[in-house]
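Have a look at the structure below, then the notes.
Order of the sequence lines sets the chain letters (A, B, ...), proteins ahead of strands, with each chain counted from 1. No hydrogens, no waters, no symmetry mates; every other heavy atom, side chains included, goes into these values.
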Amino acid sequence: MDQTPPILHGPSDKEKKYDRQLRLWAAEGQQALEDAHILLVNSGCGTVGVETLKNLVLPGIGHFTIADSATVNEADLGVNFFLDEDCLGKSRAECCVKLLLELNPDNDDIRKLLGSEKQYTLVIYSLPIDPADLALVKKYGEEHKVPLLSVHSAGFYSYFRLHLPGNFPIVDTHPESTSTTDLRLLKPWPELSKFADDLTNDIENLSAHEHGHVPYIALLLHYLRKWKESHGEYPSTYKDKKAFAAFVAAGARTDSPEGGEENYDEAVAAVLKTISTPTLPGALEEVFDYKPDEIEAGTTFWIIADAVKQFYMKHNELPLPGSVPDMKAQSTVYVKLQNLYKAKARQDVAEVDEMVRTHSKGREIDAVEVETFCKNAAFIKLIRASSTPMDLQKLSNSEFENEQFALSPSLLPIYLALDATSHTPYASSSDIIATIDKTIPEASSNTRIVQAAEEVARAKGGELQNISALTGGMVSQEVIKIITKQYIPINNTCIFDGIASRTQVLCL
Amino acid sequence: MSQPITVAPPTSSSRWTYLDQIRKVPGPFSEDHDNSEDALARLETMSVLVIGAGGLGCEILKDLALSGFKKIHVIDMDTIDVSNLNRQFLFRQADVGKSKAEVAARFVEKRVKGVSITPHNCKIQDKDEDFYMQFTAVVCGLDSIEARRWINATLVGMVDYPDNPESLKPLIDGGTEGFKGQSRVVIPTMTSCIECQLDMHAPRAAVPLCTLATIPRQPEHCIEWAHIMAWEQEKPFPKLDNDDPEHITWLYKKALARARDFNITGVTYSLTQGVVKNIIPAIASTNAIIAASCCNEAFKIATNSNPGLGLEDNYMMYSGNEGIYTYTFKHEQKDDCPVCGTIARNMEIDPNWTLQELIESMAARPEAQLKKPSISSGSKTLFFQSPESLMLKTRPNLEKRIGELLENGEEIAVSDPSLGSVDFKFRLRFSKPYAPAPKHGVTE
Ligand SMILES: [Zn+2]
């Protein structure tokens with residue numbers, strides 16, 4: 001087996017500093033962050049946006065710009081950690097940039113107001129905002145196809161909303177490692193069958209040591225074959241699988257000092273999870289069913305997606321991911337098994353890659369991208385850009401109707417109350433309710449909407465450090481997910497209730 | 001129910017305008033809201049303790065200072081490492097090597113006028129009950145489960161209620177891993193405590209030594225082999241220091257050579273470091289979320305400005321991996337909690353085990369997680385780790401079998417230095433009959 005020995009050197013200074021995050025999003029994610037340029041359009045109390053930036057400056061975002069017309073006053077010092085006494089009376093944007101830059105001198109300093117020719121990766125704006133400014137931001141987002149994130153924090157409540165300029169596909173979704181096992185036990189390819197047969201055809205006569213080290217994949221394939229011989233088909237129902245598990249368990253030898261065999265225990269435990277025909281995951285089905293427009297169709301994601309779809313139509317299965325979970329086995333046998341799965345995975349990738357190359361733009365696509373796509377195929381996620389805004393009246397009906405069945409009350413009233421103050425920092429609860437009433441006629445008789453309106457009015461537009469820090473943390477997680485194209489962002493609005501300590505994500 | 005709310009633009013001349021507004025005006029959910037001068041002044045006179053000045057601790061200090069707390073103490077024994085700088089925002093490159101508690105305290109004091117922060121550059125175990133008695137609440141941002149268990153047991157043990165209501169100190173605890181985290185509020189003796197919740201944070205199953213020694217299959221197996229076996233055998237340096245790159249490099253090279261022998265791929269320096277130091281990924285965003293959640297609860301408890309976590313819901317789970325998901329619920333107190341419960345916990349055990357095997361299993365049992373347990377039963381001392389004289393006297397018991405030493409249904413008391421003076425009480429339930437025959441063919 002060929003293996004290039006890794007170079008023996010310790011981590012670089014940068015790897016040392018970013019060690020704890022590189023373990024999450026790796027060098028590619030880090031590069032995307034360092035290439036990004038975030039614009040914060042700040043208004044109102046202005047803490048939540050700065051707290052968001054702090055969490056982006058620390059992991060090394062490339063550039064950031066703050067647009068903020070406010071000058072620093074006393075009250076700012078009581079809620080914004082990135083201002084100090086010396087800032088009083090000065091531009092809030094400039095002071096925050098200065099104290100944020102202190103955090104990570106790897107960042108370049110750029111501060112220009114909106115309207116420059118600069119291409120931002122993403123724009124965050126805080127509410128309440130002047131309607132004229134909002135129009136500018138929205139126009140910029142639309143024209144440059146840039147994601148927008150609005151965030152509103154007041155008193156104990158907050159919400160933020162992600163507006164994507166188009167469909168957002170994610171390949172590297174980081175599924176939980178326990179959910180990714182795909183062993184093809186019901187459809188083994190010839191090499192795998194042969195491998196299992198070689199290990200098990202004389203299973204009765206193996207020495208105790210050999211018998212206790214047959215990897216569970218081979219055991220399951222062996223007992224599946226025997227089961228099919230006597231039952232005519234593979235176990236498919238839950239009841240059958242339970243019976244099959246017992247059948248496997250009965251094959252274990254019990255004369256060992258431990259009274260059993262670990263590999264058989266592993267095999268029995270794996271029955272329910274691995275003995276099933278893989279179905280096409282809903283999220284991937286959505287990708288296959290989607291008809292990309294002309295521009296989309298020429299992008300890497302959709303070219304590969306189309307090739308994988310063809311692969312699936314042809315074989316009725318996805319490309320093999322190729323990883324093998326750890327299991328009791330001799331080292332050499334396990335490595336052989338790993339190589340079997342890897343070889344099959346490579347073969348599948350090669351087939352997809354060939355289809356990719358037939359596309360006029362397919363030649364330019366990096367083979368690594370095809371490989372990554374195939375490996376993650378079952379967990380691909382497409383976030384569809386919302387074309388029409390949700391009918392709030394309809395949504396509130398369903399939210400309040402379902403409430404009696406839900407574990408906890410809907411947080412929609414919080415969104416409604418904050419949204420009613422999108423352009424006015426100080427509103428009374430009756431003003432807020434009157435505004436909500438325009439979209440949801442019975443709002444004034446809904447106790448929970450009234451309470452939310454009162455709680456929002458209570459804050460008088462003031463932010464609380466804790467709520468804004470918490471919200472800024474969540475917003476920065478979303479920004480990182482969007483920039484690195486890893487993990488799965490929200491679709492599309494997250495509401496936070498700092499009294500009950502709950503969040504709810506709604507598509508608005 | 002609804003409160004009349006007057007509308008007037010806040011006067012921006014006062015620094016605490018926004019906080020004062022929330023503290024002086026009750027909201028629709030406020031209970032026992034008290035806006036008297038006395039009540040408002042209480043926040044300024046009470047002391048809170050922050051445990052840990054790392055990723056969570058830096059955020060907690062900032063959040064508490066900007067929530068109006070004026071007397072804060074912070075305790076942390078660590079010094080600043082370069083890998084802290086991606087999230088511990090009170091530290092700069094030039095601070096590497098200095099005390100975390102001291103640098104963090106000075107920074108926040110300088111930035112937020114009027115707050116006093118007292119640093120303690122030591123272990124929490126170095127402080128006594130008198131020290132902990134001076135605080136109104138404790139906010140914890142730690143990455144060590146042992147330290148959490150110690151402070152939890154200490155705070156529960158200090159409660160003298162209702163005779164001394166001041167002895168009841170809420171413990172607010174946060175923890176993160178990658179994009180996930182949790183925050184929880186413990187009202188000692190009245191709600192579920194850290195020990196009641198221990199099985200929610202089960203340790204990773206250890207790889208059997210025979211796998212490491214003879215049949216490694218994963219890069220981690222090779223690294224653990226280098227860490228546990230090769231190091232012990234060769235002792236390249238007097239004592240393993242996880243933070244010394246030279247030591248990690250030695251382990252990495254050993255693991256790499258072993259991996260090559262077995263055709264195993266994937267051993268890297270980064271993985272070696274991760275396995276040896278048990279590194280948990282950490283980012284600023286998640287620390288911000290969890291720390292602020294903890295401080296929000298501390299603020300609500302201190303001001304009654306709104307109801308919070310505590311007697312009802314007491315635990316918030318957070319995950320940002322797939323969208324955003326939180327689950328907030330009430331974790332029930334356990335009657336058989338060794339720290340805050342009243343009855344002994346059942347422990348199922350094979351009576352044919354030796355006492356040694358029982359002691360070793362204590363580390364892995366999710367409900368115990370004790371690494372250096374000493375064990376006694378009502379009538380006898382079975383095994384003590386210290387003092388040495390007692391250890392030597394009780395050591396012969398390690399080879400004896402459980403059925404020989406104890407009866408089915410008998411209660412044992414287990415203590416561990418990492419938990420202070422707490423005794424774990426377990427009632428033994430034999431899982432099978434005791435067969436007093438020599439084990440594995442050993443003759444007596
Ligand atoms: Zn307890």
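Of the charged side-chain nitrogens involved, at least one lies within less than 4.0 Å of a carboxylate oxygen, so that B/Arg15 and A/Glu85 count as a salt-bridged pair.
Ranked by heavy-atom pairs under 4.5 Å with chain B, the list A/Gln338, A/Gln486, A/Lys328 is led by A/Lys328. With respect to chain B, the highest number of heavy-atom pairs below 4.5 Å among A/Ile480, A/Val333, A/Asn55, A/Ile490 belongs to A/Asn55. Of all the listed residues (B/Val82, B/Ile283, B/Ile22, B/Val112), the one sharing the greatest number of non-hydrogen pairs under 4.5 Å with chain A is B/Ile22. Heavy-atom pairs under 4.5 Å with chain A peak, among B/Ser270, B/Cys294, B/Gly178, at B/Ser270. Contacts with chain B were tallied for A/Cys494, A/Ser430, A/Gly78; A/Gly78 has the most, counting heavy-atom pairs under 4.5 Å. Note on A/Met327, A/Gln330, A/Glu262: by heavy-atom pairs under 4.5 Å with chain B, the leading option is A/Met327. Chain A forms the most heavy-atom pairs under 4.5 Å with one residue out of B/Thr211, B/Leu90, B/Asn86, B/Ile215, and that residue is B/Asn86. By number of non-hydrogen pairs under 4.5 angstrom with chain A, the leading residue of B/Ser285, B/Ser305, B/Gly308 is B/Ser285. Interface remark: of the candidates A/Ile467, A/Leu77, A/Leu22, A/Leu77 forms the most heavy-atom pairs closer than 4.5 Å to chain B.
Side-chain N/O atoms of A/Ser501 and B/Asn296 include no donor and acceptor closer than 3.5 Å. For the residue pair B/Thr286 and A/Gln477, a side-chain donor N or O sits within less than 3.5 Å of a side-chain acceptor on the partner. A side-chain donor-acceptor contact under 3.5 Å links B/Gln218 and A/Tyr334.
Counting non-hydrogen atoms of neighbouring residues, nucleotides and ligands closer than 6.0 angstrom, the NZ atom of A/Lys381 reaches no more than 12 such neighbours.
Proximity to chain B involves both the backbone and the side chain of A/Asp326, based on heavy atoms less than 4.5 angstrom apart. Contact annotation for A/Asp13: neither backbone nor side-chain heavy atoms come within less than 4.5 Å of a heavy atom of chain B. Within the 4.5 angstrom heavy-atom criterion, atoms from both the backbone and the side chain of A/Ala329 approach chain B. The contact between A/Val505 and chain B is made entirely by side chain atoms (from C-beta outward), counting heavy-atom distances below 4.5 Å.
B/Thr326 places none of its side-chain heavy atoms less than 4.5 Å from the side chain of A/Met474.
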